[in-house]
Amino acid sequence: LFQGPALCRAITSHKLTLVVTPLRALMQDQVEELQSKGFVSNVDYLSGDRMLAETQQIYRRIQSGEIALLYITPERFRVRSFMDVLYQRLRMDGGLEYVVFDEAHCISQWGQDFRPDYRNAVLKCKELRENYDLMFAMFSATVTSQVEADIRSFLPEIQRLGQSEEEYNPIRQHIGIEFNLVAHEDSARIAEIEAFIEKQKIDFAKSCMIIFCRTHRQCEETADLLSQLAQAAAPNSVLSKCVDKIGFYHAGLDADLRNDVYEQFKRTKGVEPLYILCATKAFGMGMDIPNVHYVVHFNPPSVLEDYLQEV
């Protein structure tokens, strides 16, 4: 929705568009997709796990005007070297094309993924707009009336597009939802998931499944128990096809391992795929993985907005 307009307008205006996004994996995924379409030199991202030499090279490309679309995390606005480079580019171009906030509900204290640095990024960009020309664009699938009101307290002139407040429903019509009552013990929940997989006759050659868990430990234990069941499953069962294809993902893993798991679950060519991923909500926000056809909650999220975002 914003990549095309930003890149097209940059051809004549030469202005930079900043995309603020919460997850490194999300920005890397979008950048790689654009680069595969031929936007090799004018699109890039900055994250905390990039090497110093890579970051410095990107800074030089920002200063020279080469980069037209840059993905960053909100914390980047606290990095002095980045702000110095950004001010140089602003003075050169007279402003920015757009400042895009992806997963904009993170700005709101009422949002399920509120991050103070998101709010700081908005305030910093408002300061920039006092002296330079720029436009705000915000995207989210879960903007409740409370979240919208909170965003408007910072940007009162922002216009809502798409669903109206009265029509708001983040659950699309093609998504089916069902709830099953199970015993409190983890073993009962695991058995219910196994039964669901077999009942649905899931074709894991075409589909994959996320199991959302609340804690790091629960992710790892659930993945381990399902792996044991897969190894012990009857040869003609669906779960038997998932041996060595069940993994876990949470913020406690180091960056390289998280990236490896992400590439496996995304089924990147040449990588051994994962069929089932046990993950905290650190995974999933805005991920572009089209074949996630099954989402299971090991236990209910603490707030409804978490549930809606994960679905």
For this session: Measure the CZ-CD1 distance between Arg119 and Ile151 for me, rounded to the nearest 0.5 Å.
Result: 9.5 Å
Problem set entry | Separation between CZ of Phe298 and OG1 of Thr215, rounded to the nearest 0.5 Å | 9.5 Å
Problem set entry | Residues Glu157, Arg129: salt bridge by 4.0 Å N-O rule | yes
Exercise. Would Asp84 and Gln88 count as having a side-chain donor-acceptor pair, cut-off 3.5 Å?
Worked result: no
Exercise. Between Tyr132 and Arg89, is there a cation-pi geometry (under 6.0 Å to ring centre, at most 45° from the normal)?
Worked result: no
For this session: Indicate whether any N or O donor in one side chain lies under 3.5 Å from an N or O acceptor in the other, for Tyr294 and Ser207.
Result: no
Exercise. Counting distance only, does the side-chain N/O of Gln200 pair as donor-acceptor with the main-chain N or O of Phe196 below 3.5 Å?
Worked result: no
Exercise. Any sub-3.5 Å donor-acceptor pair from His297's side-chain atoms to Asn299's backbone N or O?
Worked result: no
Exercise. Within a strict 4.5 Å, meaning less than it, do heavy atoms of the Leu96 and Lys15 side chains meet?
Worked result: no
Exercise. Given Asn42, which of Leu34, Ile67, Leu7 fulfils the side-chain contact (heavy atoms from CB on, under 4.5 Å) condition?
Worked result: Leu7
For this session: Have a look at Phe2 and tell me which of Phe101, Phe136, Tyr98, Phe139 forms a ring pair (Phe, Tyr, Trp, His ring centres under 6.0 Å) with it.
Result: Phe139
Exercise. Quick one: are Val85 and Arg60 in side-chain contact, heavy atoms under 4.5 Å?
Worked result: no
Exercise. Does a side-chain heavy-atom distance below 4.5 Å link Gln3 with Leu69?
Worked result: yes
Problem set entry | Hphob cluster co-occupancy, Val296 + Tyr249, side-chain heavy atoms under 4.5 angstrom | no
Problem set entry | Check: Asp203 side chain, Ala205 main-chain N or O, donor-acceptor pair, under 3.5 Å | yes
Seminar exercise, completed: In this structure, CG of Leu70 is separated from CD1 of Ile58 (nearest 0.5 Å) by 7.0 Å
Problem set entry | Heavy-atom side-chain proximity of Tyr275 to Met209 below 4.5 angstrom | no
Problem set entry | Heavy-atom check, side chain of Thr21 versus side chain of Ile72, under 4.5 Å | no
For this session: Please report the closest heavy-atom contact between Val43 and Gln35, naming both atoms and the distance.
Result: O-NE2, 3.3 Å
Exercise. Any cation-pi pair here, Lys241 with Phe204, using under 6.0 Å and within 45°?
Worked result: no
Problem set entry | Close side-chain approach of Phe212 to Thr280, heavy-atom, < 4.5 Å | no
For this session: Give a yes or no on whether a salt bridge exists between Arg217 and Glu221, defined as a side-chain N under 4.0 angstrom from a carboxylate O.
Result: yes
Exercise. For the atom pair OH (Tyr59) and CG (Leu52), what is the distance rounded to the nearest 0.5 Å?
Worked result: 9.0 Å
Problem set entry | Lys124 with Glu127: basic N within carboxylate O range, under 4.0 Å | yes
Exercise. Thinking salt bridges, do Glu148 and Arg152 make one under a 4.0 Å N-O criterion?
Worked result: yes
Exercise. CD/Glu103 to CE/Met138 distance, rounded to the nearest 0.5 angstrom?
Worked result: 13.0 Å
Exercise. Quick check: does any side chain N or O of Ser36 sit under 3.5 Å from a backbone N or O of Glu33, one acting as donor and the other as acceptor?
Worked result: yes
Exercise. Please walk me through it: do Ile246 and Leu274 pass side-chain contact (heavy atoms from CB on, under 4.5 Å)?
Worked result: CA-CA 6 Å; Ile246 301 173; Leu274 287 176; 5.8 Å; no
Exercise. Where is the tightest heavy-atom contact between Cys219 and Ala279, given as atom of each residue plus distance?
Worked result: SG-C, 3.4 Å
For this session: Mind checking side chain to side chain contact (heavy atoms under 4.5 Å, CB included) for Asn291 and listing every partner two or more places apart, or none if nothing turns up?
Result: Cys208, Arg267, Ile289, His293
Exercise. Charged N to carboxylate O under 4.0 angstrom, Arg76 versus Asp117?
Worked result: no
For this session: Indicate yes or no for a side-chain donor-acceptor contact from Glu198 to the backbone of Val238 under 3.5 Å, with no hydrogens or angles considered.
Result: yes
Problem set entry | Main-chain N/O of Arg9 paired to Thr12 side chain as donor or acceptor, under 3.5 Å | yes
For this session: Classify the side-chain pair Glu97/Thr17 by whether it contains a donor and acceptor separated by less than 3.5 Å.
Result: no
For this session: Compare all side-chain heavy atoms of Gln30 with those of Tyr45 and state whether any distance is below 4.5 angstrom.
Result: no
Exercise. Going through the checks in order, is the side-chain contact (heavy atoms from CB on, under 4.5 Å) test met by Met27 and Val20?
Worked result: CA-CA 9 Å; Met27 66 172 75; Val20 183; over 6 Å; no
Exercise. Would you call Arg61 and Glu66 a salt bridge, taking side-chain N to carboxylate O under 4.0 Å as the test?
Worked result: yes
Exercise. Between CE of Met92 and CD1 of Ile62, what distance do you get to the nearest 0.5 Å?
Worked result: 10.5 Å
Exercise. What are the two closest non-hydrogen atoms of Ala230 and Val243, and how far apart are they?
Worked result: O-CG2, 3.6 Å
Exercise. Which pair of heavy atoms, one from Ser240 and one from Pro235, lies closest together, and at what distance?
Worked result: OG-O, 3.1 Å
Problem set entry | Atom of Leu226, atom of Cys278 and distance for their closest heavy-atom approach | CD1-SG, 4.3 Å
For this session: Check for a donor-acceptor pair, side chain of Glu54 on one end and backbone N or O of Met51 on the other, with a separation under 3.5 Å.
Result: yes
Seminar exercise, completed: Closest non-hydrogen atoms of Leu86 and Leu16, given as atom of the first, atom of the second and distance, are CD1-CD2, 4.1 Å
Exercise. Short question: side chain of Ser227, backbone of Ala223 - any donor-acceptor pair under 3.5 Å?
Worked result: yes
